[in-house]
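Take a look at the structure below.
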Amino acid sequence: MSSALKIYNTLTRSKEFFEPIDRSNVRLYVCGPTVYDYAHIGNARPIIVFDLLFRLLRHLYGENNVKYVRNITDVDDKINARAAERGITIRELTEKTNQIFQADVKALGCLDPTVQPRATEHIAQMIQLIERLMSAGHAYAADRHVLFSVPSMPQYGELSRRSLDEMLAGARVDVAPYKRGDMDFVLWKPSQSSEPGWDSPWGRGRPGWHIECSAMSWAHLGEIFDIHGGGIDLIFPHHENEIAQSCCAFDREIMAHYWMHNGFLQVEGEKMSKSLGNFVTIHELLASETFGGRAWSGAILRLAMLRTHYRQPIDWTVKALEDAAKVYNDWMRAIDRVTPSEPTEEFIVALNDDLNFAKAEAHLHILKKSNPAALAACLKFMGFASHEAASDNQSEEAQLAKIGLTKSDLEQLISQRIEARLTKNWTESDRIRDQLESLGVSLKDNKDGTTSWTVIS
RNA sequence: GGCCUCGUGGCGGAGUGGCUACGCAGAGGACUGCAAAUCCUUGUACUCCGGUUCGAAUCCGGACGAGGCCUCCA
C-alpha cells in the first residue's frame, strides 16, 4: 500500500487525508458539460484533472472499487436557444455535441467514467427531490415555479464561505415577484409550449440549473458520497445550491466529504472570451492549425494541462504547448520499444500529494535515464498510451503523402545518399538532404550508418 | 463594495524554517565530413517593506500587483 492520498478540500480549505466511506466503493462525481457547443480548452481542465484522480483512485483501491460519475447536461436554456438558432431539434443538437465531446475527451487520453448520466433521463428523480424538499419545508411553489427557500437552511453558504448578509449586500440578485427570499433559487420552472418540458405536479415545466446534479449523484452514488469535483467558478452558486438541495432533501449534514475545484484557465494571459477572439476549442487544437500554427496531439494537450498544478490558474500558451511537446517527444523516444513495468512508488507518492504532478514529472525525468520501463509504466498510468507512437507513424505516412512523397521514393533517396556518403561524396549527400529538408523531411544519420527521418511540417 | 486565490531565475513550475528541485530555453564541451539527435558541464530566483527567529522563499503584519466569484461561464 502506498502512502495515503491527500487532497485539498474546499470545504475546509486545507489538505486532508482521503478516507473513503467504503473502500470497496469509492465514489466520485464531477460536473460534466452542457452540450450545446464545442467544448473549449477550459472545459478540458476538469476532465483531464479528474481523469488523473480517477486513475489514481483505481490504483489505490482497485479498478472495480471506484465509481466515477460525470454527467451530461442536455436540458438547458442555452441548448434551447442554440437549437432554435440553428433550426435543428434539441435532440439533434445535444446528440451531435455529445458525440464531439466524447471524441475530444477520448483524444485527450481520458478513461470513460463509470457512468455518464443524462439530465433528461433523470427528470423523475428531480421531481422526487423537489417533492421531498417541499414536504420538508425547504421549497415552495409559487406562480408555476418551485423555489428553494435559502433562509430555511441556516448553514447555507458553508462551501463558499459567505453569509447571507454578505451575499445580499453586494449581489445583483434577480428579484422575481414570486420569490419569498431574495437568494431563493429555482428548482422547477414552467415551459412555454415551444420549450422542452415535462409533466410535473406543478404543471408542464423543466428543471432549474442545479437540481440535475443533485438528482444524478443521488441516483448513481447515493445520498452521500466521497468526492465532488468541478471548476472553481462552480463553487458559487452551483455547488452551494447542490449541497443545499441534497442535504435538505435527505436531512444530512453533508453531501460529499471532499470538494475539489480546479483553477481557472487563461489564454495567452487573457481571459478566454469570444469577444477577445481567443476562444479555443479542444476540437480546433486537435484538428486545425489555428493555435500556434500547427495541430496538437491529445497527449500533448493533456501533458500541457497537467504541468500546472490543478488548483493554480493556468495560462494556456503556444509556448507551453511547444515545451510540452518537447518533453513528450523526449519521453516517447526514451520508451520506444520498451515494455512497461510498474509505476514507481515515488511516482505514486508524488501524485498522492494532492496530485502534485510537477513533483511526479521531476521523478519521470530521472526515470528516463535510470529506468525506461518504469517511465513507460508511469506514462501509461497517466493516460499517455504507448499506442500514440504507432498512430504518429501513421500520420507521418499521411503527411508524406501530403507533400507528394511515397515511402519507397523516400527510402530510395535515403539509400542513394548513404551510398554517396560511403564514397565521401558530401556534395551529393548534402544535396539530397537539403532537397528532402525543403520538402519537409528531416534526416538524421545514426552512429550505425543508418539514416532515420521525420516529417517536420 | 464584499468574499476567495495567488505573486519563485529568460520561460514553465515544485519546494512551508537551515542543505543547488526539475524541465524548456541560453552558454561551454564531447561526438559528427557537416548537420540533427545524444551525452557531459554550467550561469541566473524567491514582488516590496516591516516583524518573529541563531537563521525565512518558507511563519506573522502591511503595501503593491495579478486573477476568480458575488451575473445559469469549467
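So that the names make sense, note that chain A is the first sequence line, chain B the second, and so on, each numbered from 1.
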Check: A:Phe381 ring centroid to A:Phe347 ring centroid under 6.0 Å | yes
When all nucleic acid strands are considered with a 4.0 Å heavy-atom cut-off, which category describes A:Gln266: base, sugar-phosphate, or nothing?
-> sugar-phosphate
Between A:Leu234 and A:Ser429, which is nearer to the 5' end of RNA chain B once each is assigned its nearest nucleotide?
-> A:Ser429
Between B:rG62 and B:rU52, how far apart are the C1' atoms? Round to whole Å, please.
-> 15 Å
Which residue, A:Gly42 or A:Leu443, contacts RNA chain B at a nucleotide closer to its 5' end, judged by nearest heavy atom?
-> A:Leu443
Looking at the rings of A:Phe357 and A:His309, which for Trp means the six-membered one, are their centres under 6.0 Å apart?
-> no
Within 45° of the ring axis of A:Tyr310 and under 6.0 Å from its six-membered ring centre, is that where the NZ or CZ of A:Arg45 lies?
-> no
Roughly, in whole Å, what's the span from CG in A:Asn241 to C1' in B:rC70?
-> 12 Å
How close or far is atom P of B:rG12 from atom CD of A:Glu268, stated in whole angstroms?
-> 11 Å
For the pair A:Asp226 (side chain) and A:Leu28 (backbone), establish whether a donor and an acceptor sit closer than 3.5 Å, ignoring hydrogens and angles.
-> no
Write down the distance separating the C1' atoms in B:rU42 and B:rG33, rounded off to the nearest Å.
-> 29 Å
The reported gap from OG1 in A:Thr290 to CG in A:Leu285 (rounded to nearest 0.5 angstrom) is 6.5 Å
Show the numbers, then the answer: is there a salt bridge (charged side-chain N to carboxylate O under 4.0 Å, His left out) between A:Arg180 and A:Asp184?
-> CA-CA 7 Å; A:Arg180 288 185 197 162; A:Asp184 293 356; over 6 Å; no
Interatomic distance at P, B:rG13 relative to B:rU20, whole Å | 24 Å
Considering only B:rC72, B:rC34, B:rG68, which nucleotide approaches the side chain of A:Arg433 most closely?
-> B:rC34
Whole-angstrom distance between B:rU16 and B:rC11, as gauged at atom C1' = 25 Å
Using atom P of each nucleotide, how far apart are B:rG1 and B:rC19 to the nearest Å?
-> 40 Å
Sugar-phosphate only, base, or nothing, as touched by A:Ile235 at under 4.0 Å among non-hydrogen atoms = nothing
What's the closest nucleotide to the A:Arg13 side chain, out of B:rC4, B:rA74, B:rG68?
-> B:rC4
Could you tell me the separation between the CD atom of A:Glu428 and the C1' atom of B:rC34, rounded to a whole number of Å?
-> 16 Å
May I ask you to list the residues of residues 416-424 of chain A, by number, that have any heavy atom positioned under 4.0 Å from an atom of RNA chain B?
-> A:Arg417, A:Arg421
Determine: side-chain N/O of A:Arg333 to OP1/OP2 of B:rU38, distance under 4.0 Å, yes or no.
-> yes
Is there aromatic stacking of A:Phe264 against B:rA74, centre distance under 5.5 Å, plane angle under 30°?
-> yes
Does the gap between the ring centers of A:His261 and A:His228 come in under 6.0 Å?
-> no
Ring-ring centroid check A:His365 A:Trp331, cutoff 6.0 Å | yes
Please say whether the positively charged group of A:Arg70, taken as NZ for Lys or CZ for Arg, lies over the ring of A:Tyr29, i.e. under 6.0 angstrom from the six-membered ring centre and within 45 degrees of the axis.
-> no
Which stems, defined as runs of 3 or more consecutive Watson-Crick or G-U wobble pairs with both pairing distances under 3.5 Å, involve RNA chain B?
-> B:1-7 with B:64-70, B:10-12 with B:22-24, B:26-30 with B:38-42, B:47-51 with B:59-63
Could you please spell out the steps behind the side-chain hydrogen bond (donor to acceptor under 3.5 Å, both in side chains) verdict for A:His138 and A:Ser152?
-> CA-CA 6 Å; A:His138 289 293; A:Ser152 77; 2.6 Å; yes
Distance, C1' atom - from B:rG12 to B:rC6, rounded to whole angstrom | 16 Å
Assess whether side-chain hydrogen bond (donor to acceptor under 3.5 Å, both in side chains) is satisfied between A:Glu428 and A:Gln416, documenting all intermediate values.
-> CA-CA 9 Å; A:Glu428 174 66 2; A:Gln416 275 176 30; over 6 Å; no
In the 5'-to-3' direction, what one-character label does each nucleotide of nucleotides 13-25 of chain B receive under the scheme B = base within less than 4.0 Å of a protein heavy atom, S = sugar-phosphate only, - = no such atom?
-> SSS-----BSSSS
Whole-Å distance between B:rU71 C1' and A:His210 NE2?
-> 12 Å
Look at the side chain of A:Asp445 against the base of B:rC34 and say whether a donor-acceptor pair falls under 3.5 Å; ignore hydrogens and angles.
-> yes
Of all the choices, B:rG68, B:rC70, B:rA74, which nucleotide is nearest to the side chain of A:Pro237 once you look at every atom?
-> B:rC70
B:rC49 and B:rG28, which share atom name C1', separated by this distance in whole Å | 40 Å
If the C1' atom of B:rU8 is compared with that of B:rG51, how far apart are they to the nearest Å?
-> 22 Å
Provide, to the nearest angstrom, the distance between the CD atom belonging to A:Glu240 and the P atom belonging to B:rC3.
-> 16 Å
Under the salt bridge (charged side-chain N to carboxylate O under 4.0 Å, His left out) rule, what do A:Glu16 and A:Lys6 come out as? Steps first, then yes or no, please.
-> CA-CA 5 Å; A:Glu16 296 174 0; A:Lys6 276 165 111 177; over 6 Å; no
Pi-cation contact, A:Phe384 with A:Arg302 (under 6.0 Å, within 45°) = yes
Less than 6.0 Å separating the ring centroids of A:Trp188 and A:His145?
-> no
Length of the CD1-C1' vector between A:Ile232 and B:rU5, whole Å = 6 Å
Separation of atom OH in A:Tyr38 from atom P in B:rA74, rounded to whole Å | 17 Å
To the nearest Å, how far apart are A:Met305 CE and B:rA74 P?
-> 14 Å
